[in-house]
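Working notes, structure below.
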Amino acid sequence: MGLFERYLTLWVALGIGAGVGLGLLTPDTFQAIAALEIAHVNLVVAVLIWVMIYPMMIQIDWSAVKDVGKKPRGLALTLVVNWLIKPFTMAALGVLFFHYLFAPWVDPQSASEYIAGMILLGVAPCTAMVFVWSQLVKGDANYTLVQVSVNDLVMVFAFAPIAAFLLGVTDITVPWQTLLLSTVLYVVLPLAAGMATRSMLARRSDHAVAEFVARLKPWSVVGLIATVVLLFGFQAETIVAKPLIIGLIAIPLMLQTYGIFFISWWGARLLKLPHNIAGPACLIGTSNFFELAVAVAISLFGLNSGAALATVVGVLVEVPVMLSLVWLVNRARPAE
């Protein structure tokens, strides 16, 4: 795990602090940035999200999809958890906490937006960080690659319909045009660009892809932190007025993460998956593609919305929770 991945929570926390401080000191600057949008898509944030996502998409080897028929049980577990369980449990937890348990402390409009942000996290399975988690639990790298590739392919077709269905079920107006535009902008186009770039680099040499991604990685870090700064700059006044809201959002997100992991772990044991496949299979279903969730939340609900705030809290919560789950997986590894 590199310096960035190891201390991701720290970088995000620093970005939050900087965003809140700058948002209070220079609110006019953030308002000017918010005005730079086309079809409800903020241009500045769109560029930053692409800077984050593009290097991840280059790492996906689509030729690995041809191996989908090998060891199908692990892939089946991942697909069932990601697309038939996780989005719906996230929506259920959001409604339970923000429409009922936290209702005395959260106004209905904000509650609906927080639920929307949670749903977008739940419908976006992890892409890049899964490779880090897989490495930490000594997972089968090739099989992890197959899982990520197939899930990204499913995401192209399933993300928008499932997100729209769940947002509609929770009585949130779904702007279909913006949702579809976001899916194309942040899933389809980055995937296509990543495939084209990888194909071009692979023709040069065996190491060209890894070298190019390594050069882009610092920019990916810059994109993530800059996005966090912007989001919390827009949320600065709300955060200062209601500092406990971060904790309220974090509670159901943590319950969701641990709950999905144990559902996946139970499924892996039931299917008798070997440890080097069970570990990554559980972790890919547990973590989130938070870059996509952040981008779509901004497009659908705005930079200063509760939905955008909820997705960024997801970034803050995910890394320490996932590291604790890596520890659990390693503790369960059979003796060699």
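- Under the 4.5 Å side-chain heavy-atom criterion for Ile, Leu, Val, Met, Phe, Trp and Tyr, Phe301 and Val169 are members of the same hydrophobic cluster.
- Of all heavy-atom pairs spanning Val209 and Arg198, the tightest one is CG1-NH1, 3.5 Å.
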**OP:** Start with the C-alpha distance between Arg73 and Lys272, add both sets of side-chain angles, then the distance that settles side-chain contact (heavy atoms from CB on, under 4.5 Å), and finish with yes or no.
**Re:** CA-CA 9 Å; Arg73 291 177 298 166; Lys272 298 180 180 179; 4.2 Å; yes
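- Val222 and Leu14 sit in two unconnected hydrophobic clusters of ILVMFWY residues. Membership requires side-chain heavy atoms under 4.5 Å apart, directly or through other members.
- You'll find the side chain of Phe261 reaches within 4.5 Å of the side chain of Val329, heavy atoms only.
- Side-chain N or O atoms of Ser199 include none that pairs as donor or acceptor with a backbone N or O of Ala196 at under 3.5 Å.
- With a 4.5 Å cut-off on side-chain heavy atoms, Thr257 and Leu325 count as touching.
- Trp83 CH2 to Phe88 CZ: the interatomic distance, rounded to the nearest 0.5 Å, is 10.5 Å.
- Scanning all heavy atoms of the two residues, the minimum distance from Gly74 to Ala281 falls at O-CB, 4.1 Å.
- For the residue pair Ala310 and Leu253, the shortest heavy atom distance occurs at O-CD1, 4.0 Å.
- With rounding to the nearest 0.5 angstrom, the CD atom of Gln147 is 6.5 Å from the CG atom of Leu75.
- Here the CG atom belonging to Leu271 is positioned 6.0 Å from the CG atom belonging to Leu77, to the nearest 0.5 angstrom.
- Taken together through direct or relayed side-chain contacts under 4.5 Å among Ile, Leu, Val, Met, Phe, Trp and Tyr, Ile162 and Val95 form part of one hydrophobic cluster.
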**OP:** Decide yes or no on side-chain contact (heavy atoms from CB on, under 4.5 Å) for Thr29 and Leu22, but give the supporting numbers first.
**Re:** CA-CA 9 Å; Thr29 301; Leu22 292 172; over 6 Å; no
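- Between Asn276 and Arg333, every side-chain heavy-atom pair lies at or beyond the 4.5 Å cut-off.
- Annotation: side chain of Val240 is in contact with side chain of Val20 (closest heavy-atom distance under 4.5 Å).
- Under the 4.5 Å side-chain heavy-atom criterion for Ile, Leu, Val, Met, Phe, Trp and Tyr, Leu84 and Leu273 are members of the same hydrophobic cluster.
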Original post:
What do the steps show when you test Tyr54 against Ile58 for side-chain contact (heavy atoms from CB on, under 4.5 Å), and what is the final call?
Top reply: CA-CA 6 Å; Tyr54 176 58; Ile58 296 174; 3.5 Å; yes
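- Among all heavy-atom pairs drawn from Ala250 and Val317, the shortest one is CB-CG2, 3.6 Å.
- Shortest non-hydrogen contact noted between Phe30 and Val229 is CE2-O, 3.9 Å.
- Connection of Ile85 to Leu270 is not established within any shared hydrophobic cluster, with ILVMFWY side chains joined at heavy-atom distances below 4.5 Å, either directly or through further cluster members.
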Original post:
Given the rule in the side-chain contact (heavy atoms from CB on, under 4.5 Å) test, do Val150 and Leu153 qualify, once you have shown the distances and angles that lead to the verdict?
Top reply: CA-CA 5 Å; Val150 173; Leu153 189 62; 5.5 Å; no
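- By the 30° and 60° cut-offs, the orientation of the rings of Tyr114 relative to Phe98 is tilted.
- Here the CD1 atom belonging to Ile115 is positioned 11.0 Å from the CD1 atom belonging to Ile249, to the nearest 0.5 angstrom.
- Formation of a donor-acceptor pair under 3.5 Å by the Lys86 side chain with backbone atoms of Ser287 is found in this model.
- Taking CE from Met254 and CG from Leu93, the interatomic distance works out to 13.0 Å, rounded to the nearest 0.5 Å.
- Within the 4.5 Å cutoff, the side chain of Phe212 has heavy atoms near those of the Thr197 side chain.
- Taking the six-membered ring where tryptophan is involved, the planes of Phe262 and Tyr258 are essentially parallel, since the angle between them stays under 30° and well short of 60°.
- Ile225 and Gly15 get closest at one heavy-atom pair: CG2-CA, 4.3 Å.
- Annotation: side chain of Ser112 is in contact with side chain of His99 (closest heavy-atom distance under 4.5 Å).
- To the nearest 0.5 Å, the span separating CH2 on Trp265 from CG on Leu283 amounts to 8.5 Å.
- A heavy-atom distance below 4.5 Å is not found between the side chains of Ile284 and Pro125.
- A heavy-atom distance below 4.5 Å is not found between the side chains of Ile298 and Leu230.
- Remark: side-chain polar atoms of Arg269 are not paired, donor with acceptor, to backbone N or O of Ala278 under 3.5 angstrom.
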